[in-house]
Amino acid sequence: MRRMRTGRDAALIPAPQDDLCLAFANTRFWRGRDTPSESLGGIEDLLAWLAGTAKFPVESIEAAGNRLGRHPHDAAALFADAIALREAIYRAFSTLAASEPIAEKDLALLNRRLAKTPRREKLAHAGGGYAWEMKKIDMTAPGLLAQVFWSAADLLKRADRRRVRRCANDACLWLFVDESKAGTRRWCDMSSCGNRAKSRRHYLKTKAG
């Protein structure tokens, strides 16, 4: 795949949220069902997610869209690579949530891609805060998904102090960081999966009675 670059000399990349990697993994959801739901159908959806959730610079997204639009084969290859990496991230953190060691092949894949992301070397002022200043963003999965990989690496490094969980609803399996004081959160959202489980328990109890 061609390595294309944005036309600007530099881009300011916001520091990622701790759980950005989990948000990316969760772009495929209801993973326990026979047919999971998918929110990324193509390169346009991926770029929209980067602009919206990852807060990737709009000018870089526009440049990526324009360049990839002229190279559909490269766009398809980049998207396929991004999806493969998303699944590796999901497997890694899903395994971590089960208190099991991450598969070596997944850890090796993440390390190879992490090594190809832009290096975080220089901070710059950005919108009242600070961001990483990068010299041109490569139009590759490691380049566009740099924030996701930084987030994954940072979260894995302190996984013993962070509570990575997988929703206890077997049809859901959404990944999240448990920030509850007691560290006993089981559901992605109490108003959805939590209430479903509660209603199910009530139904079974009533039926048994």
Side-chain angles (χ1 to χ4, degrees), residues 1-31 35-93 106 108-127 129-155 174-175:
M1 180 173 136
R2 258 183 224 95
R3 292 177 65 81
M4 296 178 289
R5 296 179 177 273
T6 60
R8 303 179 69 87
D9 291 335
L12 296 179
I13 310 299
Q17 296 292 324
D18 286 349
D19 61 351
L20 181 64
C21 55
L22 304 186
F24 184 56
N26 289 331
T27 54
R28 183 176 176 86
F29 50 101
W30 292 116
R31 286 176 176 267
T35 304
S37 297
E38 177 63 72
S39 59
L40 301 182
I43 193 66
E44 295 84 3
D45 292 335
L46 176 61
L47 294 178
W49 183 87
L50 287 169
T53 304
K55 310 301 182 186
F56 208 86
V58 173
E59 60 271 20
S60 294
I61 292 296
E62 291 177 345
N66 291 335
R67 289 177 180 271
L68 292 170
R70 295 194 296 269
H71 300 278
H73 177 75
D74 287 347
L78 187 155
F79 181 71
D81 193 21
I83 293 300
L85 293 169
R86 179 190 68 180
E87 295 309 294
I89 289 171
Y90 182 85
R91 288 192 301 270
F93 283 99
D106 288 331
L109 176 60
L110 294 177
N111 276 327
R112 288 197 300 272
R113 292 301 192 272
L114 184 63
K116 294 182 179 180
T117 61
R119 296 180 63 182
R120 291 180 280 184
E121 295 180 332
K122 183 179 179 181
L123 287 168
H125 292 283
Y130 296 88
W132 295 106
E133 183 177 302
M134 301 296 166
K135 295 180 180 178
K136 300 180 181 178
I137 304 302
D138 286 327
M139 295 297 102
T140 62
L144 289 174
L145 296 174
Q147 295 157 289
V148 171
F149 287 108
W150 297 338
S151 166
D154 292 343
L155 188 56
W174 185 275
L175 294 174

Gap separating the [atom1] atom of [X] from the [atom2] atom of [Y], nearest 0.5 angstrom:
| X | Y | atom1 | atom2 | answer |
| --- | --- | --- | --- | --- |
| Trp49 | Ile61 | CH2 | CD1 | 10.0 Å |
| Asn26 | Ser39 | CG | OG | 9.0 Å |
| Ser60 | Ile13 | OG | CD1 | 5.5 Å |
| Phe79 | Leu68 | CZ | CG | 12.0 Å |
| Glu87 | Phe24 | CD | CZ | 9.0 Å |
| Asp106 | Asn111 | CG | CG | 11.0 Å |

- [ ] Answer yes or no: is there an ion pair linking Arg120 with Asp154, defined by an N-O contact shorter than 4.0 Å?
- [x]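 Yes, charged N to carboxylate O under 4.0 Å.
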
Task: Asp74/Arg67 salt bridge by N-O under 4.0 Å criterion - done: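 Not counted as a salt bridge, because no side-chain N and carboxylate O are separated by less than 4.0 Å.
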
Decide yes or no for [X] and [Y]: does some side-chain heavy atom of the first lie under 4.5 Å from some side-chain heavy atom of the second?
| X | Y | result |
| --- | --- | --- |
| Leu85 | Phe149 | yes |
| Trp132 | Leu123 | yes |
| Lys116 | Asp138 | no |
| Val148 | Arg86 | no |
| Thr27 | Asp45 | no |

Between [X] and [Y] (side chain of the first, backbone of the second, donor and acceptor by atom type, cut-off under 3.5 Å), is there such a pair?
| X | Y | answer |
| --- | --- | --- |
| Thr117 | Gly143 | no |
| Gln17 | Asp19 | no |
| Gln147 | Pro14 | yes |

Give me the atom names and distance for the closest heavy-atom approach of [X] to [Y].
| X | Y | value |
| --- | --- | --- |
| Trp30 | Ser37 | CD1-OG, 3.8 Å |
| Cys21 | Asp18 | SG-O, 4.2 Å |
| Ala131 | Ala126 | CB-CB, 3.8 Å |

Open item on the list: Assess the residue pair Asp81 and Arg113 against the criterion (side chain to side chain contact (heavy atoms under 4.5 Å, CB included)); give the C-alpha distance rounded to whole Å, side-chain angles, the decisive distance to 0.1 Å, and a yes or no.
Closed with: CA-CA 10 Å; Asp81 193 21; Arg113 292 301 192 272; 3.0 Å; yes

Task: Worked verdict on Leu46 versus Leu145 for side chain to side chain contact (heavy atoms under 4.5 Å, CB included) - done: CA-CA 10 Å; Leu46 176 61; Leu145 296 174; 4.3 Å; yes

Task: Quiz item: cation-pi between Arg31 and Tyr90, 6.0 Å / 45° - done: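 Checked: cation-pi criterion met.
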
